Amino acid sequence: MISIRRSPAARLFAAICLLLQVSLAICAVDQLKFSLLLPRSLEGYGELCDDIKNALDLFVAQKNAVYNTNNVNISLTFYDTQYKAAIAAAAVTDSVSNGAIGILGELASGMAGPVSNQLLPNQIMQCSGSTTAAGLNQKQYRYFFRTIPADDNQGVVLNQILSRYGWKRIGMIYADTSYGNGIANSLLSKAAASQVTVLANEKFNTDYSNLQTALQNVKDSGARIIVVVCEPPDYMLLVPAARKLGMYGPQFVWISTEAAMGVAANLRAGIPAGTYTQADLDAVNGLLISNPVEGQGALYDQFNADYKAKFSKDTGQYSLFFTDCLRLMLAGLENYQTTSGTPWSQIAAGQGYPRDLTKLLGPLTLAASTGLTGHVEFDRNFDRVGTYQVVNIVKGSNVVIGATTNATYNVVSNGVSAIFASGTTDIPTSELVFFPDWTEYKDPIAIVLMVLYAVMMGVNFASIALVYKWRSHTQVKALSPEFMIIMGLAMQLAYATIFTLIGEQTQSKCMARPWLYGFAFVVVTSCLIGKSYRLSRVFANKRLATPIGMAQLLPLTGMFALGELIILAVWTGYSPLKPQRVSNITTATFVNVCMSDRGNGGFVGTILGYNAVLLVATTWLAIATRNVPSRFSDAKFIALAVYSLLIWCTLIIAMSFIGGSSPSLVFYITSFGVLFVTTTTWALLIGRVVISHWSELQALKFDESTNPLKDQSKSTMLVAPAGAVKKSHPLGAPLSTNSQQTGQPITQHGDVGLRGLIAQFPVKAITILPWLSKWELFEAVLTIMPVPRLYLRSVTPGAAEKAYCVDAATLRVSRRNINGTGSTVAESGSEDRGVPAFEIEFGGRRMLFEASDEKQFEQWYNLLRMASKRMNDGQSGSSSVPSHTAPRSAAGAVSQPGV
């Protein structure tokens, strides 16, 4: 054998030949190019698109493991369209130029249609696993098919759910997109045939500018069964907005499409970051979802296991539908290549195979058309005839409770009952159930109110009894006890109105309330008018010979009450108030509002006008009597009562006219308002008199054994002669208390120049509650010998006796000045000057003394101060008294001004 040694050139040639062989081998692999168009960067779609892409990548890898043995390779190019038409169009152009023979996508129906139109000239097949718009089955989309059922079928299933649970009244809200409009229109047609009433049919814009309005309209319609159709991101805004409007709860049922399958998971994922709350997640419990069945069969089980091993989770929504799109495209090409013998290289170049879907996909065998989503069967428009599940969200998880059985899409239960928002299997009704919205007697607020009203009725009754008991006492008699008793009885009627406000309104309650309100109000105001009129007549005419008696006043006040009674009687006889039901669709509540069959506006206006006139008269008379002596005057208290009546009655009346809109608010304002205004009126007109007089009576309970006035024979006190005070006033009380006005000077007994002074003064106790104090007439005796003492004794005619004996050492004397006319009535044309007065303080008491003039003031003020000083200096035994403190008359007696 001859050995031939290869030269370097030969070896180089051999290497080149080897490289050429490898290159030829590579060039022999046929590239089947496909494109995937998804809106990956659109907010809310990222994870969804990733799941679809991952499933397709896994499927392509598995198929290439088989295809590569035949020098065939599948390539899948991904394009992020951002859900923008221009970017999607550019992706289609690039795919065509790169030789793509199939397009997967778009995700949404609104984008899939334009993509199909752009592919039409090149006759490139297109498939989507998510778009369900009915319009995509039209002839212009001749190269488009889908592995998910179309909207027409979805509408059938949604209507089946309504029929299954017997719901005949629904509200609809959906996105203004091809997807939303398609399913909504399908359901509307099916619902009309099933005699389902659509209470609201609202769509919202893709920018959500009218989402809030659409939700409010659905709520206002009274719909309790609400069908919503929108894209997955839409739910993330819709759920919190609807929850805040109160559109979730036991009375509501929400029904949606497969786009809501991930809503619970998305809400849960947003809770840690604060994007959503637990309340948002809880709101979707009970949601019913019509969902096309996606993963099923042995192929799915194996594929899902492989997917889970690689990505650590199950396949995502729509991913299997998209995977079956690619699988069916390849199955059609494989079938044609096998039967026709067309080489893969020619198919990869987009040549040599039919573009008609009927010829490409129609001949597929049962085995070839069974994929990850089960057996794929198409109708004549190449829409998927699919199976639907009915999914129920329970505690944030998706639970399958039923499925359709055939092409008629009849829903059959799988034995699992739906759990609704109430947390039970109780099926809510679509008929709006109205609940009563009033306060029952057993409610805590009603119990509290009844206790408060009962307490005040008891207090008021006790005060009436005390006024009757004290009716002959001067302090009470001066304030017309007869009127106070009548007003107190009228207030009992006002307190009784609480029993007409609680519980369901009946005809008797409706008409009793204006009678109780009206009669109580008119009696109180009539009494105030009579009382004020009496005082104005008495103090405006000092020559009035006889007092104005109650016999003259009661008929006058009764006439005012009679006018109100006539109006109420005509109202009751002509058109009485009756309870009429007023429903609130928004809150699903109703109340019984008292209304007249013939209208009650005229009667209400008449009564309001009549009572307004009485209030004006009361106010005017209160102003006219503002200057009467304090022991008779109720002017400021009447004014306060009028203000209270005016404010609260206006508020209560206003609330009555909005009775149906906010029953709880009306009840609270009316019940508490009546309690407040009645109690305030009682406190101002009756309560203060009872408390004041009771306090005076308590002050009289002193130790008789220590009272130096008890036995005047053992006292050095100088006493004014009997009859010193003349009852010159028709009411039985003095007009004033100074000597010039009464003309009854006090004479003294013996020479008291060295023993002290004696006079009568108007005196007023100074307390922390000035309005409880009033002027009274006191006799004051100041002794110097044997020890400085001040004796005080009440001499007010008809008043209970009061007396005090005070050591000068305990006295504190200070100068005061009373603005205006003090305790007396100003004479016509007199100047409004300050009245001299002094204040003494002893034993925790403070008393204000009004002097008749400057001379009397100087005498008493200086002597009191000196007596107190002498006592404090230990000079009580001295009998010397400065002459300027006690000027003598020609007879040598001390001149004593007095009353």
Side-chain angles (χ1 to χ4, degrees), residues 436 438-439 441 453 457 483 486-530 553-583 590-618 645-646 648-661 663 666-667 669-671 673-675 677-678 681:
W438 55 70
T439 304
Y441 289 97
Y453 271 78
M457 291 181 76
F483 281 135
I486 294 173
M487 287 189 295
L489 293 175
M491 292 177 193
Q492 292 291 78
L493 298 179
Y495 284 125
T497 57
I498 185 62
F499 300 103
T500 69
L501 294 171
I502 301 175
E504 181 179 3
Q505 291 299 300
T506 61
Q507 185 169 354
S508 59
K509 285 184 179 180
C510 284
M511 209 62 232
R513 192 157 49 251
W515 276 89
L516 293 174
Y517 283 149
F519 193 71
F521 182 88
V522 76
V523 168
V524 171
T525 52
S526 298
C527 288
L528 293 178
I529 290 174
L553 291 173
L554 287 178
L556 177 64
T557 57
M559 290 178 59
F560 297 126
L562 181 61
E564 183 105 352
L565 294 180
I566 291 174
I567 298 173
L568 289 171
V570 173
W571 188 0
T572 303
Y574 176 75
S575 182
L577 292 173
K578 298 178 182 179
Q580 295 186 19
R581 180 166 173 167
V582 176
S583 301
F590 73 92
V591 292
N592 290 336
V593 178
C594 296
M595 301 178 67
S596 296
D597 293 336
R598 302 178 185 179
N600 57 358
F603 290 104
V604 172
T606 302
I607 287 182
L608 292 181
Y610 184 76
N611 290 336
V613 172
L614 295 181
L615 272 180
V616 171
T618 306
L645 285 169
L646 183 61
W648 277 99
C649 290
T650 301
L651 185 58
I652 292 170
I653 292 168
M655 287 294 99
S656 299
F657 282 101
I658 60 170
S661 61
V666 172
F667 173 76
I669 291 182
T670 303
S671 55
V674 171
L675 178 64
V677 73
T678 307
T681 305

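Note that this is a predicted model, so its numbers are computed, not measured.
Among all heavy-atom pairs drawn from M511 and L577, the shortest one is SD-N, 3.2 Å. When all heavy atoms of A494 and T678 are compared, the closest pair comes out as CB-OG1, 3.6 Å. Taking every heavy atom of both residues into account, G530 and F483 meet most closely at C-CE1, 3.8 Å. The minimum heavy-atom distance between C510 and K578, with the atom names listed, is SG-C, 4.0 Å.
Here the side chains of F590 and V582 are not in contact, with every heavy-atom distance at 4.5 Å or above. Using a 4.5 Å heavy-atom cutoff, the side chains of L615 and F521 are in contact. Side-chain contact between I498 and S671: present, with at least one pair of heavy atoms (C-beta onward) separated by less than 4.5 Å. Contact annotation: the side chain of W438 never approaches that of I502 to less than 4.5 Å [non-hydrogen atoms, C-beta and beyond]. V524 has its side chain within reach of T681: a pair of non-hydrogen atoms, C-beta onward, lies under 4.5 Å apart. In this structure, L568 and P514 have side chains that are in contact, with non-hydrogen atoms separated by less than 4.5 Å. For the pair P576 and W571, the minimum side-chain heavy-atom distance is 4.5 Å or more. Under the 4.5 Å side-chain criterion, counting only non-hydrogen atoms from C-beta, Y453 is not in contact with F499.
Here the CZ atom belonging to R513 is positioned 4.5 Å from the CD atom belonging to Q505, to the nearest 0.5 angstrom. Atom CG of residue L608 and atom CD1 of residue I567 lie 10.0 Å apart, to the nearest 0.5 angstrom. Between the CD atom of E504 and the NZ atom of K509 there is a distance of 8.0 Å, given to the nearest 0.5 Å.
Applying the side chain to side chain contact (heavy atoms under 4.5 Å, CB included) test to L614 and every residue at least two apart in sequence or in another chain returns V522, T525, I529, F560, Y610, N611. When the side chain to side chain donor-acceptor pair (under 3.5 Å) test is applied to Q580, no partner is found at least two apart in sequence or on another chain. The side chain to side chain donor-acceptor pair (under 3.5 Å) search around Q492 returns N460, not counting sequence neighbours.
Test V666, T439, T670 against L501 for side-chain contact (heavy atoms from CB on, under 4.5 Å) and you get one pass: T670.
No donor-acceptor distance shorter than 3.5 angstrom exists from the side chain of Y517 to the backbone of T497, with no hydrogens or angles considered.
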